[in-house]
Chemist: 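Structure in structure tokens, see below.
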Amino acid sequence: MIQTYINEIGQYVGKEVSIKGWLYNKRSSGKLRFLTLRDGTGLLQGVMFKDDADEGTFSLFDRLTQESSLKVNGVVRQDHRAPGGYELAIRRIELIQIAEEYPISPKEHGTAFLMDHRHLWLRSSKQHAILLVRDEIISACRDFFHERGFVLVDAPIFTPNASEGTTALFETEYFGEQAYLTQSGQLYNEAAAMAFGRVYCFGPTFRAEKAKTRRHLTEFWMVEPEMAFYDLADTMDLAEDFITYLVQRVLKNKEKELILLERDLEKLGKVVKPFPRISYDDSVQILQEKGIDFKWGEDFGAADETILSNEFDKPIIIHRYPLKSKAFYMKTDPQNHQLALCLDVLAPEGYGEIIGGGQREDKLDELEKKIKKHKLPFEVFKWYLDLRRYGSVPHAGFGLGIERTVAWICGRSHLRETIPFPRLLSRIYP
RNA sequence: UCCGGCGUAGCUCAAUCGGUAGAGCGGGUGGCUGUUAACCACUAGGUUGUAGGUUCAAGUCCUACCGCCGGAGCCA
């Protein structure tokens, strides 16, 4: 008996195989029985005539409930009437467990109900497809950097310092001392870049923002490259190559899943470098020409980002934002002291910011001034300032939000479907 | 945190001017030899989010609270 998985079934036409899985659905018509089996790799239709299967198996079928676990033996054959083109002529079913009445029926459900049953919702075909795309994107991130000689140097999750400001931090206690869950691996990444040249970190990050939108999670994953001797232009090149690579990898390896999600593949196909590069100044002008009441110095709102990205059919890079609205470590533009050498990448179709980053302040005295200006405590940044004392070099980096990237590539409107167990303002269960 | 909306069967929803709870799906039972979220017949299933209030009468009106959904600020 050949033990196999549904996605490999095509190799065994005419042979008897055994598959372990769960009952996705069943139908019957007189002395004829159909079941759809799910094994994690795909769905397969099984057919059984009363005369072909043994008696125990035939009566067992009628007791099977949705999501019951079982082992099915049968002969593989090609049949155009079966979804996927192959079906199993069932000879024998071995029961593992009869499932209790399964809460998620094949009909419609509301968001709150599905989120309460996220641990079961993962079994549904769309959720399955999204998480397969996520898996592909994560492997592609690692491959991209590894192939280019970047070293993975992960940053800690417990930290004593706030990298972006103190409002959105999750506080915790660390053996009697105050600690925070990391918002970004960047500061540690800079230390790693001074050790290894080009590095990246990849892990969960935490932000206690009371943001109740489709574009925010309190726990999300970020991949952050950091490069010694890179300037802003080098970093824009890297961001372009990176996003192009991710999208093309998913198109190549997860086309089936994108089709199931009804994603417009043509739009994704257009995501190839170069991307439009627009300065903040020019972006403001574009908005004002469209009649938007936007004042220089403000940050773009979700609506503004959509207006800007709708001008193009690829991601766009917006660079050199006003310095005052940016984090303390951003390097000032030597051409214009009001601007920071930073970049954001906005995904097309209104998906908004997927990358934020820029060149870091590499001069010790400038960095000290910036810490003072932002009223941040010096003690916790002592080690960080050391990086500017011992062989400081120009360097830059960025962070890409995994869930926003998955949402954009999958064409999902809400981030909660792009991570297995989302953590939201009003949800920490299941 | 602010603004708006919604809480009715396991799920998705309906219930006219305030007049006493209804359908589809799912479950159960029976039927059907090619079904695709199968179909057909029958059937069980309700303290209408919680606590007050108005009224002869409240799912429906009022107040408070709780929960969820959508949006905003901020960000990846």
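Chain letters run A, B, ... following the sequence lines, proteins first, then strands; residues in each count from 1. The shown structure was predicted, so the numbers you read here are calculated from the model rather than taken from an experiment.
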Chemist: Quick one: A/Q183 CD to B/C74 P, roughly how many Å, whole number?
Modeler: 16 Å
Chemist: Below 3.5 Å, does any donor atom in the side chain of A/R77 face an acceptor in the base of B/G34, or the other way round?
Modeler: yes
Chemist: Using a strict threshold of under 4.0 Å (side-chain N to carboxylate O), is an ion pair present between A/E240 and A/K314?
Modeler: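 No, A/K314 and A/E240 are not salt-bridged.
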Chemist: Given B/U35, B/U33, B/G70, identify the nucleotide with an atom nearest to the side chain of A/K31.
Modeler: B/U33
Chemist: Students often get this wrong, so: under 4.0 angstrom with heavy atoms, is A/R427 touching a base, only sugar-phosphate, or nothing?
Modeler: nothing
Chemist: Which residue in the set A/D344, A/L246, A/I409, A/I243 passes side-chain contact (heavy atoms from CB on, under 4.5 Å) when paired with A/I354?
Modeler: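 Testing each of A/D344, A/L246, A/I409, A/I243 against A/I354, the sole residue satisfying side-chain contact (heavy atoms from CB on, under 4.5 Å) is A/I243.
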Chemist: How far, in whole Å, is B/C13 from B/G59 if one measures between their C1' atoms?
Modeler: 14 Å
Chemist: Among B/U1, B/A76, B/C69, which nucleotide has an atom closest to any side-chain atom of A/S426?
Modeler: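 For the A/S426 side chain, the nearest candidate turns out to be B/C69.
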Chemist: State whether the distance check finds a donor on one side and an acceptor on the other, under 3.5 Å, for side chain A/E87 versus base B/G34.
Modeler: yes
Chemist: Using the P atom in both, what is the distance from B/G27 to B/C17, to the nearest Å?
Modeler: 37 Å
Chemist: Send over the distance from A/R412 CZ to B/A76 C1', rounded to a whole Å.
Modeler: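 About 20 Å, once rounded to whole Å.
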Chemist: Of the nucleotides B/C68, B/A76, B/A72, which has the atom closest to the A/A112 side chain?
Modeler: B/C68
Chemist: Name the nucleic acid region contacted by A/E403, choosing base, sugar-phosphate or nothing; use a 4.0 angstrom heavy-atom cut-off, strictly under.
Modeler: nothing
Chemist: Distance check, P atoms only: B/C65 and B/A9, in whole angstrom units.
Modeler: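 Comparing P positions in B/C65 and B/A9 gives a spacing of 25 Å.
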Chemist: Both A/H80 and A/H109 contact RNA chain B. Which one's nearest nucleotide lies toward the 5' end?
Modeler: A/H109
Chemist: Base, sugar-phosphate or nothing for A/K212? Non-hydrogen atoms, less than 4.0 Å.
Modeler: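 Result for A/K212 = base.
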Chemist: Can you tell me how far P of B/C25 sits from CD1 of A/I104, to the nearest Å?
Modeler: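 Value for this atom pair: 20 Å.
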Chemist: Take atom CG of A/D62 and atom P of B/G28, then tell me their distance rounded to the nearest Å.
Modeler: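 Answer to the nearest Å: 11 Å.
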Chemist: Tell me which nucleotide, if any, is Watson-Crick or G-U wobble paired with B/C13 when both distances must be under 3.5 Å.
Modeler: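 WC or wobble partner is B/G22.
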Chemist: Hey, is the side chain of A/T205 poking within less than 4.0 Å of OP1 or OP2 on B/C75, counting only N and O atoms?
Modeler: no
Chemist: Would you classify A/F113 as touching base, sugar-phosphate or nothing, given that sugar-phosphate means primed atoms plus P, OP1 and OP2, and contacts are heavy atoms under 4.0 Å?
Modeler: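 Sugar-phosphate contact only.
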Chemist: Closest approach to the side chain of A/E101, judged atom by atom: which nucleotide of B/A72, B/G26, B/U33 is it?
Modeler: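 The closest nucleotide is B/G26.
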Chemist: Suppose we define a pair by two distances each less than 3.5 Å, Watson-Crick or G-U wobble; what does B/G30 pair with here?
Modeler: B/C40
Chemist: Using atom CD of A/E209 as one end and atom P of B/U1 as the other, report the distance to the nearest whole Å.
Modeler: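 Roughly 15 Å, once rounded to whole Å.
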Chemist: Taking the C1' atom in each of B/A21 and B/U16, what is the distance between them to the nearest angstrom?
Modeler: 15 Å
Chemist: Looking at B/G73, I'd like to know if its phosphate oxygens (OP1 or OP2) sit under 4.0 Å from a side-chain N or O belonging to A/R215.
Modeler: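 No, outside the criterion.
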Chemist: Counting side-chain heavy atoms from CB outward, which of B/U35, B/C75, B/G70 is closest to A/R207?
Modeler: B/C75
Chemist: With the threshold set at 4.0 Å, does a side-chain nitrogen-carboxylate oxygen contact exist between A/E209 and A/R423?
Modeler: no
Chemist: Donor-acceptor pair under 3.5 Å: do we get one between A/H216's side chain and the base of B/C75?
Modeler: yes
Chemist: Assign B/C17 to syn or anti; the rule is syn for a glycosidic angle within 90° of 0 and anti otherwise.
Modeler: syn
Chemist: Would you indicate what A/P83 reaches in the nucleic acid, counting non-hydrogen atoms under 4.0 angstrom: base, sugar-phosphate, or nothing?
Modeler: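 Base: the residue A/P83, judged by heavy atoms under 4.0 Å, touches a nucleobase.
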Chemist: Provide the distance between the two C1' atoms, one in B/G5 and one in B/C74, to the nearest whole Å.
Modeler: 24 Å
Chemist: Starting from the 5' end of RNA chain B, give me the residue, A/F49 or A/L415, whose nearest nucleotide shows up first.
Modeler: A/F49
Chemist: Out of B/C32, B/G26, B/C69, which has the shortest distance to the side chain of A/S29?
Modeler: B/C32
Chemist: Using purine N1 to pyrimidine N3 plus N6-O4 or O6-N4 for Watson-Crick, or N1-O2 and O6-N3 for G-U wobble, both under 3.5 Å, which nucleotide pairs with B/C68?
Modeler: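 Across all strands, the one nucleotide that pairs with B/C68 is B/G5.
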Chemist: Taking the six-membered ring for Trp, does A/F220 stack with B/A76 (centroid gap under 5.5 Å, planes within less than 30°)?
Modeler: yes
Chemist: In whole angstrom, give the distance that lies between atom OH of A/Y102 and atom C1' of B/C25.
Modeler: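 Rounded to the whole Å, the gap is 16 Å.
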Chemist: So does A/S28 reach the base of B/C32 with its side chain, donor to acceptor, closer than 3.5 Å?
Modeler: yes
Chemist: Determine, for A/R277 against A/D237, whether the closest basic-nitrogen to carboxylate-oxygen distance falls under 4.0 angstrom.
Modeler: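 Looking at A/D237 together with A/R277, the answer is yes, because their closest N to O distance falls below 4.0 Å.
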Chemist: Does any non-hydrogen side-chain atom of A/K20 lie less than 4.5 Å from one of A/D39?
Modeler: no
Chemist: Answer yes if the ring centres of A/F202 and A/F145 are under 6.0 angstrom apart, and no otherwise.
Modeler: no
Chemist: A/E298 near the nucleic acid: base, sugar-phosphate alone, or nothing, with a heavy-atom cut-off under 4.0 Å?
Modeler: nothing
Chemist: If we take the C1' atom in both B/U29 and B/U20, what is their distance in whole Å?
Modeler: 32 Å
Chemist: Tell me which nucleotide, if any, is Watson-Crick or G-U wobble paired with B/U63 when both distances must be under 3.5 Å.
Modeler: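 Base partner found: B/A51.
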Chemist: Quote, to the nearest angstrom, the P distance that separates B/A44 from B/C2.
Modeler: 48 Å
Chemist: In terms of heavy-atom contacts, does CD of A/Q178 have more than 12 from other residues, nucleotides or ligands at under 6.0 Å?
Modeler: yes
Chemist: Rounded to whole Å, how long is the line connecting atom CG of A/L169 with atom P of B/A76?
Modeler: 13 Å
Chemist: For B/C56 and B/A14, measure between their C1' atoms and round to the nearest Å.
Modeler: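 Each nucleotide's C1' atom is 27 Å from the other's.
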Chemist: Report the C-alpha distance between A/E257 and A/R134 in whole Å, list the side-chain angles of each, state the deciding distance to 0.1 Å, and finish with yes or no for salt bridge (charged side-chain N to carboxylate O under 4.0 Å, His left out).
Modeler: CA-CA 11 Å; A/E257 284 71 19; A/R134 179 187 170 100; over 6 Å; no
Chemist: Residues from residues 343-356 of chain A sitting under 4.0 Å of RNA chain B, heavy atoms only?
Modeler: A/E353, A/I354, A/I355, A/G356
Chemist: Are there more than 12 heavy atoms of other residues, nucleotides or ligands under 6.0 Å from atom NE2 of A/H146?
Modeler: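 12 or below, so no.
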Chemist: Write down the distance between CG (A/L425) and P (B/C74), rounded to a whole number of angstrom.
Modeler: 17 Å
Chemist: Is a donor on one side and an acceptor on the other found under 3.5 Å between the side chain of A/E87 and the backbone of A/R77?
Modeler: no
Chemist: I would like to know whether A/D241 and A/R148 meet salt bridge (charged side-chain N to carboxylate O under 4.0 Å, His left out); could you show each step before the answer?
Modeler: CA-CA 11 Å; A/D241 282 333; A/R148 280 160 186 75; 5.5 Å; no
